[in-house]
Amino acid sequence: MRLYTDGGYSIPRGIGAWAYALVEGNELVKSDSGIKKDSTSNQLELHAMIEALKVAHELGQPITIYSDSQYVVKGYNIWMKNWKAQGWKRGNKPLKNQEYWKQVDKLYSKEISVKWVKGHNGNKWNEYVDSLTKV
């Protein structure tokens with residue numbers, strides 16, 4: 001099983017959306033999406049990740065989550081450990097989006113692999129979750 005996530009924000013419209021899709025083989029098992037106002041693209045990418053992590057925990061098995069956001073992928077795999085150790089700061093400044101990263105940290109598991117997938121590049125499931133974020 002695999003999970004795909006995406007988030008996006010339309011500045012002119014002042015609204016954005018997040019989405020995830022749980023896939024087994026080449027079949028959609030489950031998906032969800034939502035709309036948020038007064039947010040950012042990174043926050044929506046993180047919100048999608050949080051929702052996918054919740055699903056991953058419910059499954060209780062090793063799983064891979066794919067995101068087209070380098071911010072989310074590198075944050076999960078590399079940066080989050082240091083941010084947490086530094087009191088959720090980056091240098092002397094509070095970490096942006098730390099409330100989201102703290103939620104991601106609570107859901108962190110070594111059983112969950114997070115990988116980058118190039119966006120808008122023909123990947124069926126990345127394109128699917130991207131389509132769910134169009135508001």
Side-chain angles (χ1 to χ4, degrees):
M1 291 187 128
R2 302 176 317 277
L3 277 157
Y4 289 82
T5 67
D6 203 7
Y9 191 77
S10 170
I11 293 171
R13 296 189 63 208
I15 194 167
W18 58 270
Y20 74 80
L22 176 63
V23 178
E24 185 170 21
N26 201 28
E27 298 293 320
L28 178 64
V29 175
K30 176 182 180 180
S31 67
D32 197 7
S33 61
I35 294 172
K36 289 183 84 172
K37 291 184 178 184
D38 303 320
S39 196
T40 67
S41 291
N42 281 342
Q43 289 170 349
L44 291 158
E45 293 279 4
L46 282 165
H47 189 93
M49 178 66 164
I50 291 163
E51 296 301 323
L53 286 166
K54 289 176 185 176
V55 170
H57 278 275
E58 289 172 11
L59 293 170
Q61 65 188 44
I63 194 163
T64 301
I65 297 174
Y66 292 90
S67 172
D68 61 10
S69 167
Q70 290 280 2
Y71 175 65
V72 168
V73 174
K74 288 181 180 178
Y76 187 87
N77 291 320
I78 302 167
W79 303 328
M80 187 171 63
K81 190 184 318 177
N82 290 332
W83 291 335
K84 184 177 179 180
Q86 296 169 2
W88 299 104
K89 292 183 179 179
R90 208 167 155 214
N92 292 330
K93 296 181 180 180
L95 178 67
K96 287 183 181 180
N97 305 315
Q98 71 175 271
E99 63 279 0
Y100 291 90
W101 283 111
K102 286 179 180 180
Q103 290 179 60
V104 170
D105 179 57
K106 285 180 184 175
L107 295 165
Y108 177 87
S109 169
K110 291 180 181 173
E111 299 288 312
I112 300 169
S113 173
V114 176
K115 296 184 178 180
W116 181 73
V117 61
K118 187 172 183 175
H120 313 287
N121 200 37
N123 179 292
K124 176 182 178 178
W125 297 110
N126 179 258
E127 297 291 337
Y128 174 75
V129 291
D130 180 64
S131 73
L132 297 177
T133 66
K134 301 300 182 207
V135 290

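Every heavy atom of this structure was used, including side-chain atoms; hydrogens, water molecules and symmetry mates were not.
- Pairing each heavy atom of T133 with each of D6, the nearest pair is CG2-O, 3.7 Å.
- Heavy-atom minimum distance, N126 versus K118: OD1-O, 4.0 Å.
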Tell me which donor-acceptor pairs under 3.5 Å the side chains of residues 50-57 have, and how far apart each pair is, sequence neighbours excluded?
{"unit_1": "E51", "atom_1": "OE2", "unit_2": "K54", "atom_2": "NZ", "d": "3.4"}
{"unit_1": "H57", "atom_1": "NE2", "unit_2": "L107", "atom_2": "O", "d": "2.5"}

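- Looking at every heavy atom in both residues, G91 comes nearest to Q86 through N-OE1, 4.3 Å.
- Residues passing the ring-ring contact (aromatic ring centres under 6.0 Å, His included) test with W79 are W83, sequence neighbours excluded.
- Between H47 and W18, the ring-plane angle classifies as tilted under the 30° and 60° cut-offs.
- Not counting sequence neighbours, E127 has no partner by the side-chain hydrogen bond (donor to acceptor under 3.5 Å, both in side chains) test.
- With sequence neighbours left out, the side-chain hydrogen bond (donor to acceptor under 3.5 Å, both in side chains) criterion links K134 to D130.
- Annotation: side-chain hydrogen bond (donor to acceptor under 3.5 Å, both in side chains) contacts involving residues 105-117, sequence neighbours excluded, comprise K84-D105.
- In the hydrophobic clustering of this structure, Y128 does not group with I35; members are Ile, Leu, Val, Met, Phe, Trp, Tyr whose side-chain heavy atoms approach within less than 4.5 Å, directly or through other members.
- N97 and Y71 share a donor-acceptor pair across their side chains, judged by distance under 3.5 Å alone.
- Applying the salt bridge (Lys or Arg N to Asp or Glu O under 4.0 Å) test to every pair with at least one member in residues 10-27, sequence neighbours left out, gives no pairs at all.
- Linking ILVMFWY side-chain heavy atoms closer than 4.5 Å, directly or via other members, places L22 and V129 in two distinct hydrophobic clusters.
- With sequence neighbours left out, the side-chain contact (heavy atoms from CB on, under 4.5 Å) criterion links S41 to Y9.
- For K81, the side-chain contact (heavy atoms from CB on, under 4.5 Å) criterion is met by no residue, not counting sequence neighbours.
- When the side-chain contact (heavy atoms from CB on, under 4.5 Å) test is applied to K89, no partner is found at least two apart in sequence or on another chain.
- By the 4.5 Å heavy-atom criterion applied to side chains, K96 and T40 are not counted as neighbours.
- To the nearest 0.5 Å, the span separating CD on Q43 from CG on D38 amounts to 10.0 Å.
- Y4 meets the side-chain hydrogen bond (donor to acceptor under 3.5 Å, both in side chains) test with R2; sequence neighbours excluded.
- For S33, the side-chain contact (heavy atoms from CB on, under 4.5 Å) criterion is met by A19, L132, not counting sequence neighbours.
- Among residues two or more places apart in sequence or in another chain, the side-chain hydrogen bond (donor to acceptor under 3.5 Å, both in side chains) test is passed with N26 by W125.
- When the side chains of ILVMFWY residues are joined at heavy-atom separations under 4.5 Å, either directly or via intervening members, L46 and I15 end up in two distinct hydrophobic clusters.
- Within 6.0 Å of the CD1 atom in I11, the count of heavy atoms belonging to other residues, nucleotides or ligands does not exceed 12.
- Contact record, V29 with V23: CG2-C, 4.3 Å, taken as the closest heavy-atom pair.
- The two residues I63 and M1 make their nearest non-hydrogen contact at CG1-O, 3.2 Å.
- Distance check: S39 OG to E45 CD gives 10.5 Å after rounding to the nearest 0.5 Å.
- When every heavy atom of Y66 is checked against every heavy atom of V117, the shortest pair comes out as CB-CG1, 4.0 Å.
- Clustering ILVMFWY residues whenever any of their side-chain heavy atoms sit less than 4.5 angstrom apart, transitively, puts V114 in the very cluster that holds L59.
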